There are 2 protein chains.
Amino acid sequence: MLRNISSGENGIRNPDDGKREDQLFVQAVARAMQVLSAFHRTQRPLSLTALAEASGVGRSAAQRVVHTLQTLGYIERDEAGRGYVPGIRLLDHTHDYLRLNPLIERATPVLLDLRRNARERVDFSLFDDLRMVYAVRMQSKRETFFATLVGHSVPTLCTSGGRAVMSRLPDVEVEDIIARSDRRPFTDKTITDPQEVREKITEARQLGYALTVEEVLVGEVAVGVAVLGPNGRPLGAIHIAGSLSEWTPSAFAERFAPLASEAAHAINRVR
Amino acid sequence: MLRNISSGENGIRNPDDGKREDQLFVQAVARAMQVLSAFHRTQRPLSLTALAEASGVGRSAAQRVVHTLQTLGYIERDEAGRGYVPGIRLLDHTHDYLRLNPLIERATPVLLDLRRNARERVDFSLFDDLRMVYAVRMQSKRETFFATLVGHSVPTLCTSGGRAVMSRLPDVEVEDIIARSDRRPFTDKTITDPQEVREKITEARQLGYALTVEEVLVGEVAVGVAVLGPNGRPLGAIHIAGSLSEWTPSAFAERFAPLASEAAHAINRVR
DNA sequence: ATAACTGTATCGCCTGTCGATACAAGTCTT
DNA sequence: AAGACTTGTATCGACAGGCGATACAGTTAT
């Protein structure tokens with residue numbers, strides 16, 4: 001059975017989990033963000049009460065928080081007035097995040113060039129433990145809607161970018177990621193078996209890039225190359241993704257892996 | 001003198017202003033977001049104390065808030081360990097915002113087609129009172145870094161998208177926006193004089209699109225068309241922007257205004 | 001009609017925040 | 001190498017303010 005990656009159920013452990021080991025550490029701020037995070041698991045506007053129980057917070061608390069967040073612009077009423085949705089004010093912080101991330105600053109022009117040369121979908125994602133978060137997206141062709149949004153995240157375990165990142169991590173960390181990752185497959189091609197993943201990573205270490213075929217989306221082939229920080233630690237990855245209707249996996253890799261590697265190298269901070 | 005639009009000082013009233021008329025309404029949540037908002041006005045990582053005074057909050061409070069936000073992933077230490085920067089967790093909320101905004105869902109595929117046809121920079125921005133916030137950006141050519149980020153905002157008053165939006169608003173609202181807008185010019189071509197702005201809006205009403213020439217960036221020409229909600233109220237705008245080194249303003253408008261209008265029409269909810 | 005929702009309002013108890021203050025560790029001067 | 005700055009961290013008590021409980025008004029569904 002295929003998992004729907006457009007839904008909140010994308011197999012990535014929810015970012016909220018495990019953050020609050022001790023229930024005693026619950027504060028107002030945490031509560032508020034908890035409420036905002038309730039939207040992660042929905043496809044539609046949420047009512048106040050829905051918001052409350054989705055975030056595991058009492059009605060009264062939710063009411064207070066929602067009211068505050070609303071006046072601040074972090075939550076808005078739905079267009080149709082049927083419920084609440086995240087507010088536009090959130091995009092201000094998005095902008096701050098992107099602006100202040102030196103990696104993204106350096107990556108953007110490189111990615112533009114890359115996309116022009118590659119003429120396929122080019123993405124840049126950031127390594128965040130078990131998931132890779134899309135920070136810059138540049139698509140050439142028509143794509144599904146959800147695939148095109150900044151902030152979308154996919155598991156490190158079974159994506160080209162994630163594998164590329166893991167290929168640059170020491171074994172202990174790789175094992176740690178494998179152990180903690182959700183193993184539910186997206187497609188019947190998704191590789192989640194620990195031993196198979198290890199082999200793919202070894203392969204990526206030899207090649208300098210990772211190749212995935214239909215592991216997340218049926219019909220999709222992708223190459224990923226890690227982008228490194230000053231200390232050699234992988235911070236993110238460049239992906240190029242194409243369609244199996246146009247490419248064989250090996251032809252795709254042969255054509256695009258060098259381009260992606262070159263681009264990644266241009267971003268890497270050498271020092 | 002030109003204003004630097006890449007900085008936080010882009011002439012838009014800060015979103016924080018006026019939200020908290022009464023100082024008594026200060027709560028923990030508001031305080032936290034206030035601290036996060038301190039990044040709006042900086043170009044570099046902030047130290048704890050800098051964060052405190054930039055957000056007008058006591059050291060102790062900032063300490064508490066930063067600690068909380070950090071454990072939640074909304075604030076991170078800088079790569080170099082020199083200070084704090086916004087955290088990747090913010091992108092989760094970005095994703096939620098974009099996902100749950102029906103306008104963006106409908107706009108994305110249209111914009112992709114539009115960019116392929118236009119071969120110029122295509123943007124979609126949302127109307128948020130005095131400012132237009134870029135929500136989807138699709139550039140064809142190399143651009144400056146800051147111009148390419150989601151969440152970037154520009155004044156409604158002097159941008160093609162903003163003018164297009166205002167041309168669909170009743171006069172009272174237009175006057176209100178003009179009155180409250182910051183009038184500092186970006187370039188020496190920026191039109192901020194109320195009477196001139198009114199004329200430009202009248203023009204936009206007749207043409208069905210707004211044309212701006214070098215009002216924000218020197219050498220840039222842009223057409224904007226409003227996108228309307230079910231009740232006919234403008235919710236955002238499509239922009240196409242090009243370079244004066246390649247186009248005369250009239251040629252640019254003649255070529256792209258129809259494309260932009262067509263795209264906007266495809267997005268408009270008719271009902 | 002009734003029922004099941006919405007969002008809103010009020011009102012104490014007690015929790016969790018904030019100010020003050022002190023300290024440890026690191027960085028730039030001298 | 002010692003001083004004069006930073007930086008982040010820790011503790012603690014007073015009191016603002018968040019939260020639970022509860023009630024109510026306005027919509028939509030049955």
Side-chain angles (χ1 to χ4, degrees), chain A residues 19-39 42-87 100 230-231, chain B residues 19-39 42 44-87 100 230-231 271:
Chain A
K19 297 282 182 180
R20 243 172 17 273
E21 301 87 9
D22 46 344
Q23 291 283 13
L24 299 176
F25 184 49
V26 181
Q27 313 133 328
V29 179
R31 203 91 42 109
M33 303 319 289
Q34 207 174 332
V35 169
L36 255 192
S37 299
F39 290 111
T42 183
Q43 307 275 37
R44 55 191 67 242
L46 292 176
S47 78
L48 185 59
T49 40
L51 214 37
E53 59 188 40
S55 54
V57 160
R59 263 188 248 283
S60 291
Q63 165 189 232
R64 194 91 205 73
V65 167
V66 166
H67 178 254
T68 303
L69 290 177
Q70 192 178 203
T71 66
L72 295 176
Y74 294 103
I75 281 186
E76 296 168 3
R77 307 233 40 155
D78 177 37
E79 209 178 304
R82 298 273 175 195
Y84 296 96
V85 290
L100 292 170
N231 45 13
Chain B
K19 296 283 182 181
R20 237 166 29 266
E21 301 88 10
D22 47 344
Q23 291 284 12
L24 297 177
F25 183 48
V26 180
Q27 311 134 328
V29 180
R31 201 89 44 111
M33 303 320 287
Q34 207 173 331
V35 169
L36 254 193
S37 299
F39 290 111
T42 184
R44 57 191 66 243
L46 291 176
S47 79
L48 184 59
T49 42
L51 214 37
E53 60 188 38
S55 55
V57 160
R59 265 188 243 281
S60 291
Q63 165 190 230
R64 191 92 208 74
V65 167
V66 165
H67 178 255
T68 304
L69 290 177
Q70 191 177 202
T71 65
L72 295 176
Y74 294 103
I75 280 186
E76 296 169 1
R77 307 234 41 157
D78 177 39
E79 209 178 304
R82 298 270 174 197
Y84 297 98
V85 290
L100 292 170
N231 45 15
R271 192 171 71 174

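For clarity, every value in this text was computed on a predicted model and none was experimentally measured. Every chain is numbered from 1, with letters handed out A, B, ... down the list of sequences.
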Between atom CD in B:Gln27 and atom C1' in C:dT17, what is the gap in whole Å?
13 Å
In whole angstroms, the gap separating P of D:dC19 from CD of A:Glu53 amounts to 18 Å
side-chain hydrogen bond (donor to acceptor under 3.5 Å, both in side chains) pairs touching residues 45-55 of chain B, sequence neighbours excluded, are B:Ser47-B:Thr49
Please write out the pairs of protein N or O atoms and N or O atoms of nucleotides 7-9 of chain C separated by less than 3.5 Å, giving the distance to one decimal.
| residue | atom | partner | partner atom | Å |
| --- | --- | --- | --- | --- |
| C:dG7 | OP1 | A:Leu48 | N | 3.3 |
| C:dG7 | OP2 | A:Leu48 | N | 2.9 |
| C:dA9 | N7 | A:Gln63 | OE1 | 3.0 |

Gap separating the CG atom of A:Leu100 from the CZ atom of B:Phe39, nearest 0.5 angstrom:
7.0 Å
Between D:dG8 (P) and B:Asp78 (CG): distance, integer Å:
11 Å
Contact summary for A:Gly58 and A:Ala52, nearest pair of heavy atoms
O-CB, 4.1 Å
In this structure, CD of B:Gln34 is separated from CG of B:Leu51 (nearest 0.5 Å) by 11.0 Å
Given A:Val57 and A:Val65, is the side chain to side chain contact (heavy atoms under 4.5 Å, CB included) satisfied, shown in steps?
CA-CA 10 Å; A:Val57 160; A:Val65 167; 6.0 Å; no
Looking at CD1 of A:Ile75 and NE2 of A:His67, how far apart are the two atoms once the value is rounded to the nearest 0.5 Å?
11.5 Å
Please determine whether a side-chain nitrogen or oxygen atom of B:Arg31 lies at a distance below 4.0 Å from atom OP1 or OP2 of C:dT17.
no
Once you round to the nearest 0.5 Å, how far does CZ of A:Arg77 lie from OH of A:Tyr84?
4.0 Å
Looking at A:Arg44, I'd like to know if its CZ atom is crowded, meaning that more than 12 non-hydrogen atoms belonging to other residues, nucleotides or ligands lie closer than 6.0 Å.
no
Given D:dG18, is OP1 or OP2 found less than 4.0 Å from the side-chain N or O atoms of A:Arg64?
yes
Would you write out the dot-bracket form of DNA chain C, 5' to 3', with Watson-Crick and G-U pairs under 3.5 Å, [ ] for crossing pairs, | for pairs to other strands and . for unpaired bases?
|||||.|||||||||||||||||.||||||
